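Worksheet for the structure shown next.
Treat the numbers as computed from the prediction; the structure is a model and nothing was measured. Both ligands and their constituent atoms are indexed starting at 1 by order of listing.
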Amino acid sequence: MIIEHNTLKAFAARLVAAGGSRPDEVAIVADHLVEANLRGHDSHGVGMLVAYVRDFEAGTLRPNQAPTIVSDTGTISVWDAEAGYGQVIARQAVEWAIDTARVHGVAVNGLRNAHHIGRVGTYGEIAARAGMVALHFVNVASGPPPVAPFRGKEGRFLTNPVCIAIPGTTANEPILLDFATSRVAMGKVRVAHNAGKPMIAGALLDHDGKPTNNPSVMYDEDKRGVVLPFGEHKGSGLALVCEILAGAIVGSASVKTATPPERGIINGMLSIVIDPSRLNNHDSMMAEIDAMIAWVRSAAPADPDLPVLIAGDPERIARAERMANGIEVDETTWGQLVEIASRYQIAVPQ
Ligand code: NAD
């Protein structure tokens, strides 16, 4: 199924609205999901609506939920999203941090118990567009943890993503580093499983701890496999500190303390937003960023067909291609969305 992005967004909006969300929430969530598809991250695109509908039907996702401000010292605030839509409340939290960093130079927000905040890069992009540096550390608390620590064959983490965003210059787009600390995001395993495709090598172990590229090992209830952390002990360590920064330190639900499978998808996030002009002269900093990016791009590629890229490039390339040619939604995901649409008597695009 290849579908034009605006048509997909309108369909996604109708599915979100079925949960009773107000129009502003519907628009933010549908836009976030389709933007994830456009940027090549189908794992965090409209396919997530299957889980969102499951969760609003179960009451573990609360449409139209406003955050509770737990504390606010001026530059540090803690919000509790109380299982409201992460896409809406995480955006508000980052907007607060940007406004605060404009005044004070830096802002820290701890976001507790948001329902899935989606593609974390969305928040880095908002901050970078505002001229800010942003660091986001996220934990995920929902159901059995699929990601093994380095040397383990049992899951102890979820995919705990990290995002670091650096503002663009007049010559360059922002640098956007945004990835799961697992070798692949779980949604990518779901997409491969749905599409009947193998996973890349080095991402999965089966129940016995043997390497496999078969995504179905993650869906075998009795003999579940694990996803590996990226970069061996380095990704595993980053997953652990994400869990502690966004869980224990922010005060959000953690994979260890509170994760009955029926709680839905819960994210905690520690966001640090910095106005870089408080650290260095703006013009010389921008010139240095441009020089650094040019230096990195100038490295001769090991494979002439695979040029050296800067973080954020793959998403920009995917977006241009998918805006022009449409978004491919795999058959299983499409079938699941159509099934939900028929239950809620929602029109399905042809
Ligand atoms: P990924 O492995 O595709 O890595 C993406 C990052 O690597 C981006 O910064 C991208 O620009 C950069 N990159 C990719 N190829 C590159 C290249 N050749 N050269 C230079 N840079 C390159 O991403 P992922 O780990 O699959 O994560 C996908 C998405 O899932 C992210 O947006 C993440 O925020 C999201 N996620 C969210 C949650 C959640 O609970 N909310 C959990 C896990 C992941």
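The backbone N or O of Ser271 lies less than 3.5 Å from no partner atom in the side chain of Asn109, so there is not a single donor-acceptor pair. In this structure, the side chain of Glu243 engages the main chain of Val255 through a donor-acceptor pair within 3.5 Å.
At least one side-chain heavy atom of Pro67 sits less than 4.5 Å from a side-chain heavy atom of Gln92. Under the 4.5 Å side-chain criterion, counting only non-hydrogen atoms from C-beta, Val147 is not in contact with Val226.
A salt bridge links Glu35 with Arg39: at least one charged nitrogen is closer than 4.0 Å to a carboxylate oxygen.
Screening Ile117, Thr181, Asn160, Leu245 for a side-chain contact (heavy atoms from CB on, under 4.5 Å) involving Val138 leaves a single residue, Ile117.
Enumerated by chain and number, the residues approaching ligand 1 to less than 4.0 Å through a heavy atom are His41, His44, His116, Ile117, Gly118, Arg119, Val120, Val140, Thr159, Pro161, Leu176, Leu177, Asp178, Phe179, Ala180, Ala185, Lys188, Asn267, Leu309, Ala311, Gly312, Pro314, Glu315.
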